[in-house]
Protein chains: 2
Amino acid sequence: MLTEERHQLIRDRLAAEGKVLAGELASRFGVSEDTVRRDLRELAKAGQLRRVYGGAVTLAPFAAATISQRSGHAVEEKLRLAKAAVGVLASGQTLFIDGGSTNEAIARAIPRDLELTVATNSLGVASALADLPLVELIVLGGRYVRDLGTCVGGDTLAAVAQLGADLFFLGSCGLDATRGVTAFDSAEAEVKRAMARNSAGIVIAATNDKLATAAPYRVAAPDAIRYLVVERTAPADILADFQRLGAEIRFA
Amino acid sequence: MLTEERHQLIRDRLAAEGKVLAGELASRFGVSEDTVRRDLRELAKAGQLRRVYGGAVTLAPFAAATISQRSGHAVEEKLRLAKAAVGVLASGQTLFIDGGSTNEAIARAIPRDLELTVATNSLGVASALADLPLVELIVLGGRYVRDLGTCVGGDTLAAVAQLGADLFFLGSCGLDATRGVTAFDSAEAEVKRAMARNSAGIVIAATNDKLATAAPYRVAAPDAIRYLVVERTAPADILADFQRLGAEIRFA
DNA sequence: GCATGTTTTGCATGTTTATGCAAGAACCCT
DNA sequence: AGGGTTCTTGCATAAACATGCAAAACATGC
């Protein structure tokens with residue numbers, strides 16, 4: 001068996017199961033554990049996996065290098081929200097995911113065995129999805145805005161216009177039962193509007209501080225929200241308003 | 001048995017099984033292992049397979065190893081190349097940078113005080129540039145190809161067509177004085193060609209293993225290279241060929 | 001026909017690479 | 001703290017490798 005063959009099999013297995021055990025690989029390949037350890041060491045040095053005691057696991061530090069440094073705020077809440085938000089997904093769906101730290105967390109929480117088509121204008125989301133082998137990833141290019149971590153502008157709008165999605169994961173903005181979904185930036189709002197227009201349903205995962213707030217630019221009507229993922233501590237009266245407008249509330 | 005006959009059988013077998021063993025081919029063809037090794041060497045140089053210890057494998061798994069694999073290989077060399085490559089930059093320029101681990105290294109080596117406009121279809125390059133406040137970053141979207149780490153396809157081509165650049169940092173797969181710059185993937189080559197067409201000059205930073213090799217898809221003529229950044233240990237005769245064709249050689 | 005040059009092939013040479021084993025260090029769990 | 005496991009390092013060996021060389025097959029020119 002070629003060395004290269006083993007490396008490929010290790011990569012495959014890692015992509016499929018997320019981890020490998022040195023001893024198991026050795027008996028499976030019919031080589032000594034030393035050889036497997038050498039393989040793992042090389043692959044680790046090549047940045048293809050992360051070596052751990054007893055075997056190796058997939059690595060995720062790619063996303064750590066990107067915009068997500070900013071998402072240091074309320075990490076646990078966002079992680080809980082993300083886990084709950086991916087619960088609405090089903091294999092075979094097509095998604096829009098735009099920017100924001102919560103959406104990046106959601107992208108990272110997508111299970112590896114889900115087959116999806118995802119279009120995003122966020123570099124962070126794209127980086128997270130680049131690791132998922134079953135996700136068909138479409139990058140929505142354009143002028144990159146550093147503060148948002150996303151691409152906006154005419155090119156982005158044109159790219160969105162060519163696509164249609166089942167769900168749109170709409171990120172980071174104001175959320176109010178009377179004013180609807182709002183954004184802080186004009187160009188950003190334009191892209192969000194285009195995504196909303198070309199989607200069958202909108203999903204919003206919002207931390208408590210987003211609820212009952214509004215920003216200048218309107219993105220979507222309050223009754224356009226299909227799923228609203230919130231913390232368990234969210235004010236019940238606000239939730240009731242959205243529920244009345246047709247949203248399905250999901251608790252993290 | 002004719003040499004060409006063996007080559008064809010090797011290609012067939014490789015396409016069918018993904019790998020070949022030197023010893024096995026020797027006994028099957030009834031020739032010495034040396035002859036098989038010579039065959040494999042030639043086919044590898046022609047970009048039809050990848051030579052590994054014990055035999056050869058298809059090119060696909062090479063590309064399948066995500067971009068971060070190759071970035072692990074020869075890290076110091078690439079870092080040196082990158083530092084030398086950014087020496088050709090001047091403030092105010094507009095650049096195309098496509099994919100490849102060397103180009104990611106170059107993107108990371110760009111000084112923070114340089115004011116540039118950069119368009120890239122590589123997520124890795126984009127992530128690196130997202131940190132540089134003076135760089136106007138344009139993301140060239142499209143269908144993301146995991147193996148390449150870049151976006152390709154019609155959307156990408158359309159985005160490239162709208163832009164013009166002073167320099168194009170071409171992540172070369174193969175580099176040969178007669179066959180020019182070549183790539184392993186058809187869609188990838190198409191994007192590279194578009195970038196080359198819309199640029200005033202091409203910059204290539206190549207490690208020694210890229211020199212005097214070729215892949216199936218042609219990207220640019222050998223005399224299209226403006227700057228060629230190479231290691232100090234690069235073979236002088238190859239460099240002389242490119243110099244004769246108009247390239248300015250820069251040593252890392 | 002014969003000499004000359006080229007290509008292909010196999011062999012001998014020395015070098016490189018992969019692998020397994022042994023010894024000692026590092027690590028995990030109780 | 002201690003025992004068992006896992007890991008790294010160094011080393012030996014066998015396989016795979018590149019290279020130079022010479023013989024054979026082939027083409028080319030006179």
Side-chain angles (χ1 to χ4, degrees), chain A residues 1-11 13-14 17-59, chain B residues 1-11 13-14 17-59 61-62 65 69-70 72-77 176 178 207-214 231 233-238:
Chain A
M1 165 175 279
L2 299 171
T3 306
E4 189 57 31
E5 235 178 320
R6 285 198 312 272
H7 286 195
Q8 188 57 46
L9 289 172
I10 291 172
R11 278 190 288 259
R13 206 170 169 73
L14 209 53
E17 307 192 4
K19 65 156 188 179
V20 290
L21 304 175
E24 192 199 345
L25 290 175
S27 61
R28 174 175 294 261
F29 293 155
V31 297
S32 76
E33 294 200 9
D34 297 86
T35 302
V36 170
R37 275 193 269 273
R38 251 185 284 253
D39 289 339
L40 295 179
R41 220 179 306 164
E42 285 169 29
L43 290 170
K45 189 168 183 181
Q48 301 206 351
L49 50 79
R50 192 160 63 86
R51 196 64 224 284
V52 294
Y53 199 83
V57 297
T58 52
L59 36 74
Chain B
M1 168 176 284
L2 299 173
T3 307
E4 191 52 37
E5 211 175 336
R6 284 199 312 273
H7 284 196
Q8 190 55 49
L9 288 172
I10 291 173
R11 276 189 289 260
R13 204 169 170 72
L14 207 53
E17 308 196 4
K19 64 149 190 176
V20 290
L21 304 175
E24 193 200 344
L25 290 175
S27 61
R28 175 174 295 261
F29 294 155
V31 297
S32 76
E33 295 200 10
D34 297 76
T35 304
V36 171
R37 275 193 270 273
R38 254 184 283 253
D39 290 338
L40 294 179
R41 218 179 308 166
E42 286 169 28
L43 290 170
K45 187 163 185 178
Q48 309 207 9
L49 51 78
R50 185 164 68 93
R51 196 66 222 286
V52 297
Y53 197 85
V57 295
T58 50
L59 293 169
F62 177 57
Q69 172 201 20
R70 272 168 284 173
H73 183 252
V75 183
E76 305 83 10
E77 286 87 342
D176 186 281
T178 58
T207 48
N208 285 346
D209 59 325
K210 302 275 179 59
L211 295 173
T213 66
E231 306 176 55
T233 56
D237 53 342
I238 299 177

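Residue numbering restarts at 1 for every chain, and letters A, B, ... go by the order of the sequence lines.
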What is the distance, rounded to the nearest whole Å, between atom [atom1] of [X] and atom [atom2] of [N]?
X        : N       : atom1 : atom2 : answer
Asp39(A) : dT8(D)  : CG    : P     : 12 Å
Glu42(B) : dT8(C)  : CD    : C1'   : 10 Å
Phe29(A) : dT19(C) : CZ    : P     : 11 Å
Leu21(A) : dT5(D)  : CG    : P     : 15 Å
Arg6(B)  : dG10(C) : CZ    : C1'   : 12 Å

Requested in this report: Give a yes/no answer on whether the side chain of Thr35(A) brings an N or O atom under 4.0 Å of OP1 or OP2 in dC21(C).
Outcome: no
Query raised in the report: Can you tell me if the side-chain N/O atoms of Ser32(A) get under 4.0 Å from OP1 or OP2 in dA18(C)?
Result: no
Query raised in the report: For dG29(D), which nucleotide is its Watson-Crick or G-U wobble mate, given both distances must be under 3.5 Å?
Result: dC2(C)
Query raised in the report: In the structure shown, which nucleotide is the Watson-Crick or G-U wobble counterpart of dA14(D), with both distances under 3.5 Å?
Result: dT17(C)
Report task. Flag the pair Arg6(B) and Glu42(B) as a salt bridge only when some basic side-chain nitrogen lies within less than 4.0 angstrom of an acidic carboxylate oxygen. Result -> no
Query - Salt bridge Lys19(B)-Glu4(A), side-chain N to carboxylate O under 4.0 Å - result: no
[atom1]/[X] to [atom2]/[Y] distance, rounded to the nearest 0.5 angstrom?
X        : Y        : atom1 : atom2 : answer
His7(B)  : Leu43(B) : NE2   : CG    : 4.5 Å
Leu40(A) : Leu49(A) : CG    : CG    : 6.0 Å
Gln48(B) : Ile10(B) : CD    : CD1   : 10.0 Å

Query - Given Thr35(A), Val36(A), Asp39(A), the one that forms side-chain contact (heavy atoms from CB on, under 4.5 Å) with Leu25(A) - result: Val36(A)
Protein-nucleic acid N or O pairs under 3.5 Å, nucleotides 16-21 of chain D:
from	atom 1	to	atom 2	distance (Å)
dA16(D)	O4'	Tyr53(B)	OH	3.0
dA16(D)	O3'	Gly54(B)	N	3.3
dC17(D)	OP1	Arg51(B)	NH2	2.5
dC17(D)	OP1	Gly54(B)	N	2.8
dC17(D)	OP2	Arg37(B)	NH1	2.6

Query - Upstream residue (5' side of DNA chain C) when Val36(A) and Gly30(B) are each assigned their closest nucleotide - result: Gly30(B)
